[in-house]
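Contents: one structure, followed by commentary.
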Amino acid sequence: EDNPVLGFGKEISISAGGTLANGLEVSFSDTLDLTEVDAEEGAFELSLGGAFGTITFKDGADSAVDAAMVGDTSGADVTGALDLEGHILATSGTDGTGILYQAPTMGALDLYIGYAPNSGDTGDDTAEYLDTFSIGMTFSSGDLTVGGGFESATSENNDCDLGATLVVADGPPVITAAALFDDVYGTEHCGDQDLVAVGAEYAMGDMTFSAAYSELDTGEADQTSVSFGVATTISDIDLAVDYTTTENDFGPVGDEQNVVHIGLSTALGDGVDLSLDVSSNDIAIASEANGGGHGGEFTTTFAEMKLAVGF
């Protein structure tokens, strides 16, 4: 992958909010993605806030684990044949419209509770996941903030799909090599899922240190991620350096990814921002360890300069 790629993005954001006479706070926001019309549905969000806390209704509502997570510096853009995307902060049970409740702050403690009734948004009990709950908390003390949470999703059929077969004319169905590998080792995140994640941030002068850990236990592959990062501001330039290591474990084998990312950003003027991101993606793919594809292990480099104009 040695060719440059040009891209663009266009979206319209709408937001409104106010406080009623009885003290009830109401806010609404929506985003229209003009480059991907299907994404308009997933941007809906409605929240109600007051002395009781905040209740948010959203298509694909944030898991309480995601809401409470701090110190997550993973997810840098990379190039290459594999991207495990760092920390997973929600199970498959949170698909569909859900609810996130944030309790009133109690001193230095914030409590989050998430609920997703139906992962298929059908209202039928045939959905893969029903009644998925999550809980998360954050605690701040001076320059230190820690947070994390837990989520559990129970599959209604507790069965992972077998690999797809290829139908050959005038012959028996043939299973692909990738599907056969999946059938033997189980490479998918499916079935019953349990997620735990913790993270921390510590501010020291002009520098902020971050660290996070997450583990997703599923019916097949289990994914574990660890990340570290440091961010600071030098003159008018924001600098961030972070490292993430992720393993998608299939039992005796697994895919591994190590990402080193450097980001620079600055404001050129009112509404005009310039950023530069560079990442190194070190990959080991289990299904190609014996010489297939890229030979199992390889490294790719991604670099992007972006000029963003907002008005």
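Sequential numbering from 1 along the given sequence is applied to the chain's residues. We use all heavy atoms of the structure for the numbers below, so side chains are in, but hydrogens, waters and symmetry mates are not.
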Donor-acceptor pairs are to be reported for all side-chain atoms of residues 265-280 against protein atoms at under 3.5 Å, with residues two or more places apart or in another chain.
residue, atom, partner, partner atom, Å
Thr266, OG1, Asp236, O, 2.9
Asp277, OD1, His261, NE2, 2.7
Ser279, OG, Asp77, O, 2.6

Tabulate below the donor-acceptor pairs under 3.5 Å that side-chain atoms of residues 194-212 make, not counting sequence neighbours, or state none.
residue, atom, partner, partner atom, Å
Asp194, OD1, Ser152, OG, 2.7
Glu201, OE2, Gly71, N, 3.4

Please tabulate, for side-chain N and O atoms in residues 88-100, each donor-acceptor pair with protein atoms closer than 3.5 Å (sequence neighbours left out).
residue, atom, partner, partner atom, Å
Thr91, OG1, Gly93, N, 3.2
Thr91, OG1, Glu151, OE2, 2.4
Ser92, OG, Gln193, NE2, 3.1
Thr94, OG1, Thr91, O, 2.9
Thr97, OG1, Asp121, OD2, 3.2

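Checking side-chain atoms of Ser214 against main-chain N and O of His87 turns up no donor-acceptor pair under 3.5 Å. Side-chain atoms of Asn281 come within 3.5 Å of backbone N or O of Leu82 as a donor-acceptor pair.
Residue pairs meeting the ring-ring contact (aromatic ring centres under 6.0 Å, His included) criterion with at least one member in residues 91-127, sequence neighbours excluded: Tyr115-Phe133.
For Thr218, there are no side chain to side chain donor-acceptor pair (under 3.5 Å) partners, not counting sequence neighbours.
When only modelled atom types and interatomic distance are considered, Ser29 and Ser15 share no side-chain donor-acceptor pair under 3.5 Å. Judged by distance alone, the side chains of Ser155 and Asp192 never bring a donor and an acceptor atom under 3.5 Å apart.
When side chains are defined from C-beta on, Thr232 does not count as touching Val230, because their heavy atoms never get closer than 4.5 Å.
Atom OH of Tyr213 sits about 12.0 Å away from atom OG of Ser227, to the nearest 0.5 Å.
Taking Ile, Leu, Val, Met, Phe, Trp and Tyr as members and joining any whose side-chain heavy atoms lie under 4.5 Å apart, directly or through other members, the hydrophobic cluster of Val78 also contains Val259.
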Checklist entry - How far apart are the C-alpha atoms of Thr224 and Asp222, what are their side-chain angles, what is the distance that settles it, and do they pass the side-chain contact (heavy atoms from CB on, under 4.5 Å) test? => result CA-CA 7 Å; Thr224 303; Asp222 302 332; 5.6 Å; no
